[in-house]
There are 2 protein chains.
Amino acid sequence: MLPAARHQTIVDTVQRERVVRVSDLAQQLGVSLMTVRRDIELLEEGGQVERIHGGAKLPGGATTHEPGFELKSTQFPAEKRAIAVEAAGMVHEGMAVGLSAGTTTWALAQELVKGPRITVVTNSVRIADLFHHGASSSGVPHGSTVILIGGERTPSDALVGPIATAALKQLHLDLLFLGVHGMDPDAGFTTPNLLEAETDRAFVAASRKLVVVADHTKWGTQGMSTIAALEEADEVISDAGLSADARRALGESVSRLRIASSS
Amino acid sequence: MLPAARHQTIVDTVQRERVVRVSDLAQQLGVSLMTVRRDIELLEEGGQVERIHGGAKLPGGATTHEPGFELKSTQFPAEKRAIAVEAAGMVHEGMAVGLSAGTTTWALAQELVKGPRITVVTNSVRIADLFHHGASSSGVPHGSTVILIGGERTPSDALVGPIATAALKQLHLDLLFLGVHGMDPDAGFTTPNLLEAETDRAFVAASRKLVVVADHTKWGTQGMSTIAALEEADEVISDAGLSADARRALGESVSRLRIASSS
DNA sequence: ATTCCATGCTCCCCGCCGCACGACACCAAA
DNA sequence: TTTGGTGTCGTGCGGCGGGGAGCATGGAAT
């Protein structure tokens, strides 16, 4: 195995596991402990991992948040935040707003907590938590009502399944912010999880207006399951990194394309 | 287990439970009390948790009004644990089990996590979290399926309301463990929260068998809203502190009264 | 054939962890 | 309030396991 391939494997493993021990890596890679240590030393200089006693972890204070999640949420913080701020501007007092599960919608939720009193409907436990005790920790109670849609839990902390879709059929939302894993002119808005796609479709059906929030990296990605065609979205909010191609295609398909500026 | 992984688990647990005790963490992580204390000390310097007597809590949380209050309120005394162990013995592989929200059912959930693979239906976010995260952090995934019933969130972390009751109407449970705030020969099983009582009634209706878990302090307490009459319970599990009066009254009303011994 | 370099090995050092004891905080009863 | 009891916290020491430096080996490039 080439050193470069080994390094890549180590980085991948660290990103996946958050923390790995030298001995495990050595066994997995079929090399000695010393080699792994030296690799980690190199990777640390490149800032790709952080060395700790007995192994390596992903760099930065990534350990401060929760499994697998913060990795994505810190990937493009500026862009996501900009999108969130832009999206939050669409929300007014008293509205019934839907938030699908995802890192972008989570960033949006962080903005909405600071905003006017609204009713939030979500299938993300994390987002519900944010409103629930995000409120109490900030001292002044946040008046917003949060309805958490039930169901079974996916690895990404979304609640999905027949319970969730049935609950959504009873509800009618003014506005839905949908986070997606991919958007593509052919496949439309997609997610890799079949059950989550079904729940997202129920979300879409329950809402009068669909706003997709997606940073530019989502363009061109096709998840396994389609949530909706591009044309079904009333608005798409993305960031300045979006390619000209994408802007053109989205501009033709959706009613309005907003580009959030990171300023 | 690596220190970093341990820290991560501690932070996750604190975020999930709001407060944890050193001894529980030590047991869960398989390390000594001293190690946990040292970890918490480090994490406190990083501002990720806040140290309190006997454990840790999430930082800056408005959960505390009086010093040292939190631990007491969330620890489960021997009685609750004994009840939980007794109740857990009724659960077998593959069953569909309902758990209402409450501290006693939460204690029960902690036992069930260690037990056979089952399907759990609950309206408590904390119980759902317990199964979800408890699994990943303990290394070996817990095979149980957890369905979280949706709705609006009460201060006690229960999800209630029409969404919740509608979801329960679709489900049929083998067994329901119901936690109550009070039980009384006249008022029956009660809770102070009207919405929660409604959801609990839906729980009762969805289940073939009703088991009420309640420590002896609940006897004689009348909450504002009645969930069910004493006669509706198939079993009641309480602890040795239950008065003779209570034992007689319950013995006449329910099919079976179990007293959990704290041994 | 020679040089270079990545790898593995070994010894020694150091940080981490657990145990035991004394000090202290919290709670409860008077 | 004071007093007693229980459980928690902090420190010192010893053991253990991982980290680091230097050297030997083997393969590849020159």
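For clarity, every value in this text was computed on a predicted model and none was experimentally measured. Note that these values count all heavy atoms, side chains included, but never hydrogens, waters or copies made by symmetry. Chain A is the first sequence line, chain B the second, and so forth, proteins listed ahead of strands; every chain is numbered from 1.
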Would you mind reading off the distance between H53(A) atom NE2 and dC17(C) atom P, rounded to a whole angstrom?
9 Å
What nucleotide, of dG10(D), dC17(C), dG8(C), holds the atom closest to the side chain of R51(B)?
dG10(D)
Per atom distances to the V22(A) side chain, the nearest of dC17(C), dG19(D), dG8(C) is dG19(D)
Answer with yes or no whether the side chains of D215(A) and T217(A) bring together a donor and an acceptor at under 3.5 Å.
yes
Where the side chain of V31(A) is defined as all heavy atoms beyond and including C-beta, which of dG18(D), dC17(C), dG8(C) is the nearest nucleotide?
dG8(C)
How close or far is atom C1' of dC5(C) from atom CG of L42(A), stated in whole angstroms?
13 Å
Taking OP1 and OP2 of dT7(C), is either one under 4.0 Å from a side-chain nitrogen or oxygen of T35(A)?
no
I need the CG-P distance between L29(A) and dG8(C), as an integer number of Å.
10 Å
Could you tell me whether the side chains of D245(B) and S243(B) share a donor-acceptor contact shorter than 3.5 Å?
no
Length of the CD-P vector between E41(A) and dG19(D), whole Å:
11 Å
Just the rounded figure in Å: distance from C1' of dG19(D) to CD of E50(A).
17 Å
M34(B) atom CE is separated from dA23(C) atom P, nearest whole Å, by 17 Å
Where the side chain of D234(B) meets the backbone of V254(B), is there a donor-acceptor pair that is under 3.5 Å apart?
no
If only side-chain N and O atoms count, and only distance matters, is there a donor-acceptor pair under 3.5 Å linking Q28(B) with D24(B)?
no
Considering heavy-atom distances to DNA chain D, does R38(B) or S23(B) have its closest nucleotide positioned more toward the 5' end?
S23(B)
Could you tell me the separation between the CD1 atom of I52(A) and the P atom of dG17(D), rounded to a whole number of Å?
18 Å
Is Q27(A) atom CD crowded by more than 12 heavy atoms from other residues, nucleotides or ligands, each under 6.0 Å away?
no
Residue R37(A), side-chain heavy atoms: nucleotide from dC16(C), dG19(D), dC9(C) that is nearest
dG19(D)
Any side-chain N or O of R6(A) under 4.0 Å from OP1/OP2 of dT7(C)?
yes
How long is the line joining CG of L33(B) and C1' of dC19(C), in whole Å?
11 Å
